[in-house]
Number of protein chains: 2
Amino acid sequence: MTSTSSHAAIGIGELASRTHCKPETVRYYEKIGLLPAALRNEGNQRRYSEATVQRLMFIRHARDFGFSVDAVRELLDMADHPTQPCQQVDSLARRHLAEVESRIQRLTVLRDELQRTVAQCDGGSVEQCRIIEVLSDHRLCSHNTAHGGAEALR
Amino acid sequence: MTSTSSHAAIGIGELASRTHCKPETVRYYEKIGLLPAALRNEGNQRRYSEATVQRLMFIRHARDFGFSVDAVRELLDMADHPTQPCQQVDSLARRHLAEVESRIQRLTVLRDELQRTVAQCDGGSVEQCRIIEVLSDHRLCSHNTAHGGAEALR
DNA sequence: CTAATACCTGTAGTCACTAGAGGTTCAAGC
DNA sequence: GCTTGAACCTCTAGTGACTACAGGTATTAG
């Protein structure tokens with residue numbers, strides 16, 4: 001048996017594989033306080049309960065939604081206080097949604113500018129390349145504002 | 001006069017302000033080799049020509065388009081060889097465009113899921129909050145694949 | 001001449017992990 | 001009991017593209 005039975009303590013490897021992350025990530029989350037310090041067995045290895053599996057699933061799912069680690073910290077805190085009103089949760093999620101929408105907006109403008117520029121390249125020499133020309137002179141862009149690609153990507 | 005005359009050597013502060021970045025960024029670009037080592041005056045301070053202003057404008061504009069520093073390095077290299085065919089430029093720009101489009105795609109899927117989730121919250125207690133519930137259980141999501149928000153944002 | 005400003009170098013911090021070195025513990029087979 | 005290999009441990013450094021200091025020097029305006 002590979003110890004997948006329901007209420008036995010599990011090791012970091014199984015915890016990681018059941019939550020689609022790596023042992024390094026689990027140790028990292030413990031270090032930054034997203035997960036509490038794990039119980040250890042006699043040989044100093046971490047042992048986890050089902051409750052930790054659930055907590056880590058929550059964390060991974062929230063991260064997968066694009067919430068920052070700090071936001072996840074707040075969400076966990078709220079989830080730990082179930083009788084409180086969920087206004088803060090709602091507000092956090094709406095702010096996140098607004099950020100995603102803004103990101104889409106900026107990337108769409110950038111995409112249009114890139115498409116226009118790329119479409120104008122006729123495949124000659126670099127000397128007459130429209131892409132290089134546009135990069136050399138912002139006045140050739142359709143907007144005179146920044147594209148914001150450096151922030152909207154990466 | 002604040003030394004804005006056309007062909008005099010300028011300092012790092014003026015170079016920075018004319019290219020919408022900071023002196024630290026200029027020094028950083030020099031360090032990583034995007035800009036050549038600057039000439040110095042008697043007091044060891046960097047002095048720049050108009051050519052450097054142009055080069056840095058190109059760099060900033062390309063970064064603003066979202067090209068990575070490595071991509072900018074390649075673009076600069078190509079721009080420095082004007083008689084070569086611009087096929088590589090074109091290919092680099094098209095790959096970048098594809099990346100931007102993919103990013104928009106992923107963020108759009110994420111936005112839809114977030115919108116759906118946020119819309120279901122009725123403002124009660126955390127206990128019955130749909131947002132917390134969805135984060136706790138991926139099966140409540142409309143797709144059973146990852147949302148990829150952690151990679152698509154950030 | 002003085003004071004404010006701009007500049008210099010070098011280091012560390014950001015974010016959310018990931019990768020590696022160098023050592024220890026565990027589980028299975030013989 | 002012994003061996004072997006996988007899994008685990010801690011600690012450090014690296015990623016991208018800057019940004020922010022600290023502690024010192026140069027320039028410039030008045």
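Hydrogens, waters and symmetry mates play no part in the numbers below; they use all other heavy atoms, side chains included.
- Taking only side-chain nitrogens and oxygens, A/Thr25 never comes nearer than 4.0 Å to OP1 or OP2 of C/dA16.
- Residue A/Arg60 is classed as a sugar-phosphate contact, given heavy-atom separations below 4.0 Å to backbone atoms only.
- Salt bridge annotation for A/Arg55-A/Asp80: present, with a cationic side-chain nitrogen under 4.0 angstrom from a carboxylate oxygen.
- For B/Glu24 and C/dC7, the CD to P distance is 10 Å, given to the nearest whole Å.
- Counting to the nearest Å, the P atom of C/dT25 and the CG atom of A/Asn41 are 10 Å from each other.
- Ion pairing between A/Arg94 and A/Asp90 holds under the 4.0 Å rule for side-chain N and carboxylate O.
- To the nearest angstrom, C1' of D/dA7 lies 13 Å from OH of A/Tyr48.
- Among the heavy atoms of the strands, none lies under 4.0 Å from B/Arg47.
- Residues passing the salt bridge (charged side-chain N to carboxylate O under 4.0 Å, His left out) test with B/Glu101, sequence neighbours excluded: none.
- When the side-chain nitrogen and oxygen atoms of B/Arg63 are compared with OP1 and OP2 of D/dG16, none of them lie within a distance under 4.0 Å.
- Between B/Arg40 and D/dT25 there is no side-chain polar atom (N or O) within less than 4.0 angstrom of OP1 or OP2.
- Here C/dC17 is the nucleotide among D/dA17, C/dC7, C/dC17 with the atom lying nearest to any side-chain atom of A/Tyr28.
- Across the interface with DNA chain C, nearest-nucleotide mapping of B/Ile12 and B/Lys31 shows B/Ile12 to be the residue nearer the 5′ end.
- Between the CG atom of A/Leu15 and the P atom of D/dC9 there is a distance of 11 Å, rounded to whole Å.
- In this structure, B/Ile59 atom CD1 and D/dC18 atom C1' are separated by 14 Å, rounded to whole Å.
- Listed nucleotides: D/dA26, C/dT9, C/dA19. Nearest to the side chain of B/Arg46: C/dT9.
- In this structure, B/Phe67 reaches neither bases nor backbone, as no heavy-atom distance under 4.0 Å exists between it and the strands shown.
- Counting to the nearest Å, the C1' atom of D/dC8 and the CG atom of A/Leu39 are 16 Å from each other.
- When the C1' atom of C/dG20 is taken as reference, atom CZ of A/Arg27 falls 12 Å away, rounded to whole Å.
- Between A/Glu99 and A/Arg95 there is no salt bridge, since no side-chain N of the basic residue sits under 4.0 Å from a carboxylate O of the acidic one.
- Between B/Glu42 and B/Val69, the residue whose closest nucleotide on DNA chain D is further toward the 5' end is B/Val69.
- Nearer the 5' end of DNA chain C, as judged by each residue's closest nucleotide, is the contact made by B/Gly13, out of A/Asn44 and B/Gly13.
- B/Ser142 and B/Arg116 form a side-chain donor-acceptor contact under 3.5 Å, judged by distance and modelled atom types alone.
- The closest donor-acceptor contact from the side chain of B/Thr52 to the backbone of B/Tyr48 lies at 3.5 Å or more, if one exists at all.
- One finds a side-chain N or O of B/Tyr29 lying less than 4.0 angstrom from the OP1 or OP2 phosphate oxygen of D/dC18.
- Rounded to whole angstrom, the span from the CG atom of A/Asp70 across to the C1' atom of C/dT14 amounts to 12 Å.
- For A/Lys22, the side-chain atoms get nearest to C/dA19 when compared with the rest of C/dA6, C/dA19, D/dC18.
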